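Inspection log for the structure reproduced underneath, given as structure tokens.
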Amino acid sequence: MHFACDVLVAGSGAGGLAAAVTARKAGLEVLVAEKEPWYGGTTALSGGWLWIPNHPMQKEIGVSDSIEDASTYLLHEAGEKYDPERVNAFLTAGPRMVEFFTRETAVQFDPSATFSDYHPDAPGGRPGGRSIVARAYDGRELGRMLKMLRPPLPELTVFGIMIGSGAELVHFMRWSKSFASAAFVARRLLGHGTATLFHGRGVRLSNGNALAGRLLKSALDAGVQLWSRCAVKELLREGGAVLGAILERDGHEVRVRARKGVVLACGGFPQDAERKQRLFRHQAHFSPAPPGNTGDGLRLAQSIGGRLDESLPNAAAWVPVSRVPRHDGSFGLFPHFIDRAKPGVIAVTRQGARFVNEGNSYHDFVQALLNAGETHAWLVTDHRAIRAYGLGFVKPRPLPLGSHLKSGYLLSGETIEELAEKAGIDPKLAQTVAEYNRNAKSGSDPDFAKGSNAYNRFYGDPDIKPNPCVAPLAQAPFYAVRVEIGDLGTYAGIATNGNAQVLDEHKRPIPGLYAAGNDALSIMGGNYPGPGITLGPAMTFGWLAGRHLAGET
């Protein structure tokens, strides 16, 4: 079978769909080939945040910024891996990309004045204002295509409900403390139950599911052709340029001629066992990424001479995850974003020692764990904190703890010593807790300075004074959840230039070949500067690729 178009996009996450919509809006015929049964890629599972310095909504929220400060910050974060051409392209194009999508498509964003850069006190850092999140979306706008949108991670829902960031999250955290929050949650539960009855899933999309849904709607509105269960197997070259690919669709080979070129946006390699074994310094790894993200884009680029850069100090964006037992005997994964910063929660190694400021970013948390020579840790808390905030997949009051204790996900002990014995943690844990508690009574943490920066405090509890991130572990029983190393996407990848063109071993662009999203080498140098540093560049370089394919600058 043969097919012809102007642009072939491999993958339907934020990078791929951004490229597809941009190219189609410029008048090109576009085909998106998605390997999996659903559209949305890792984006649909994500928080839906984009890190875009100087975005157009900063003035609305009273935030001042500059390209110079953002560049200074990225230079600090990326160090010797700083790429001036691509960083400048990202910082210059990012605000224009936001303007394009909000003006021309179904994609809409909300800003946050308080969601901090992850290192706000570093040169050029900001205590908030650079990140935007996809606005909640009514999935019914997708019609029959709603069933083709990848659902969120079950472990990140409450009774199947996707909880949006900001005020909505606060309501769910305070549903037992506030009548207004309880009423809000009750309305969401009723609405979700009704939607599930009629549509088979929730229809109020938030976070990454909202971003993927909005991009999918934008692609449909623009006339992008979408093929699911369709893998790109081989790139086709003609006269040195990439002008198509061989696809496998429903067990049949399809030769696609792409007159302008191909965009690789296959989601990186979080499920590529061989590459992970070679690039990760730890072997036990648990990724919540889609199973189809097996490094197809990297292999396709390399097969025709594209250069891969695997030299970053961190090959992926690390996150601690806990393994959640499911009813069918399998395990889901819960990424620990918020709970670590709460007052009354500490992290320890199997030796019973703390090793990190628990309120730091998930990427920094895992780096500290690896530097301690460990591959797993324990989050430890007391009864007051777990009922107030939950812990991992365990929800706060009034939801019960019993099922989590029975499944073994949550361990408990009437004393710290008993908890340590059950978890296989060194008895030194009791001494660690005692030392921590002595300072926590006054809200201080001289060992790791938990609560000392704007990012720590963003996820703390403002009702706890004087430090929203520090409180003693004092009320029995005590609890622990084991966390392992996971990722939110891979960093190592295909070398590209400021137009998202794939480069060869001589750093020359390969005509007709582009890469975006996690297939492309991260511009962050192996670090994690702030909320949305994968999706922000993914959409920006997808937009740049689409424009370059259409001959626009």
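The chain is numbered in sequence order, starting from 1. The shown structure was predicted, so the numbers you read here are calculated from the model rather than taken from an experiment.
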Would you give the length of the straight line joining atom [atom1] of [X] to atom [atom2] of [Y], rounded to the nearest 0.5 angstrom?
{"X": "E77", "Y": "Y118", "atom1": "CD", "atom2": "OH", "answer": "11.5 Å"}
{"X": "E310", "Y": "R278", "atom1": "CD", "atom2": "CZ", "answer": "4.0 Å"}
{"X": "M97", "Y": "F541", "atom1": "CE", "atom2": "CZ", "answer": "10.5 Å"}
{"X": "F109", "Y": "L50", "atom1": "CZ", "atom2": "CG", "answer": "5.0 Å"}
{"X": "S311", "Y": "D309", "atom1": "OG", "atom2": "CG", "answer": "3.5 Å"}
{"X": "N360", "Y": "S452", "atom1": "CG", "atom2": "OG", "answer": "7.0 Å"}

Does the side chain of [X] come under 3.5 Å of the side chain of [Y] through a donor N or O and an acceptor N or O?
{"X": "H383", "Y": "Y479", "result": "yes"}
{"X": "N293", "Y": "Q271", "result": "no"}
{"X": "D364", "Y": "H119", "result": "yes"}
{"X": "D69", "Y": "S71", "result": "no"}

Test side chain to side chain donor-acceptor pair (under 3.5 Å) on S522 and K81 and set out the steps. CA-CA 10 Å; S522 170; K81 297 299 181 180; over 6 Å; no
Any side-chain heavy atom of [X] sitting closer than 4.5 Å to one from [Y]?
{"X": "L205", "Y": "L149", "value": "yes"}
{"X": "R275", "Y": "L298", "value": "yes"}
{"X": "Q351", "Y": "K428", "value": "no"}
{"X": "I485", "Y": "L370", "value": "yes"}
{"X": "F115", "Y": "W51", "value": "no"}
{"X": "R86", "Y": "L521", "value": "yes"}
{"X": "N453", "Y": "S116", "value": "no"}
{"X": "L405", "Y": "S412", "value": "yes"}

Above 12 or not: heavy atoms from other molecules or residues under 6.0 Å from CD of E274?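 Counting neighbours around CD of E274, more than 12 heavy atoms of other residues, nucleotides or ligands fall under 6.0 Å, so yes.
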Hey, can you tell me if [X] and [Y] have their rings parallel, tilted or perpendicular (30° and 60° cut-offs)?
{"X": "Y528", "Y": "Y491", "result": "tilted"}
{"X": "W378", "Y": "H376", "result": "perpendicular"}
{"X": "F280", "Y": "H282", "result": "parallel"}

Quick check: does any side chain N or O of [X] sit under 3.5 Å from a backbone N or O of [Y], one acting as donor and the other as acceptor?
{"X": "Q277", "Y": "Q283", "value": "no"}
{"X": "K450", "Y": "K342", "value": "yes"}
{"X": "S46", "Y": "T43", "value": "yes"}
{"X": "Y73", "Y": "P529", "value": "yes"}
{"X": "N209", "Y": "R150", "value": "yes"}
{"X": "Y389", "Y": "I338", "value": "no"}
{"X": "D487", "Y": "S287", "value": "no"}
{"X": "R457", "Y": "P462", "value": "no"}
{"X": "D339", "Y": "G392", "value": "yes"}
{"X": "K395", "Y": "G390", "value": "no"}

Does anything in residues 396-420 form a ring-ring contact (aromatic ring centres under 6.0 Å, His included)? List the pairs, not counting sequence neighbours.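 Listed by first then second residue: F393-H404.
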Please determine if [X] and [Y] form a salt bridge, counting it only when a charged side-chain N lies under 4.0 Å from a carboxylate O.
{"X": "R354", "Y": "D445", "answer": "yes"}
{"X": "D117", "Y": "R130", "answer": "yes"}
{"X": "R326", "Y": "E155", "answer": "yes"}
{"X": "R323", "Y": "E484", "answer": "no"}

Centroid-centroid under 6.0 Å between F334 and F286 rings: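 Not under 6.0 Å, so no.
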Working note: V483 + L379, criterion side chain to side chain contact (heavy atoms under 4.5 Å, CB included); need CA distance, chi angles, decisive distance, verdict. CA-CA 7 Å; V483 293; L379 298 182; 4.0 Å; yes
How close do E414 and P477 get, counting heavy atoms only, and between which atoms?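 Taking every non-hydrogen atom into account, OE2-CB, 3.7 Å.
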What closest approach, in Å, do P343 and I464 show between heavy atoms, and which atom pair accounts for it?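 Heavy atoms of P343 and I464 come nearest at CG-CG1, 3.7 Å.
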Set out, in order, the CA-CA distance, both residues' side-chain angles and the distance that settles side chain to side chain contact (heavy atoms under 4.5 Å, CB included) for I425 and V348, then state yes or no. CA-CA 9 Å; I425 302 173; V348 299; 4.3 Å; yes
Name of the residue among D382, L391, V380, L473 meeting side-chain contact (heavy atoms from CB on, under 4.5 Å) with V345: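 Only match with V345 under side-chain contact (heavy atoms from CB on, under 4.5 Å): L391.
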Using the rule given for side chain to side chain contact (heavy atoms under 4.5 Å, CB included), can you reason through R135 versus D110, listing the C-alpha separation, both sets of side-chain angles and the distance that settles it, and then say yes or no? CA-CA 6 Å; R135 186 172 297 167; D110 290 320; 2.9 Å; yes
With sequence neighbours excluded, tell me which residues meet side-chain contact (heavy atoms from CB on, under 4.5 Å) with N314.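 N314 satisfies side-chain contact (heavy atoms from CB on, under 4.5 Å) with W318, H363, Q367 only.
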Might you work through the side chain to side chain contact (heavy atoms under 4.5 Å, CB included) test for F269 and D296, ending with a clear yes or no? CA-CA 8 Å; F269 61 93; D296 292 357; over 6 Å; no
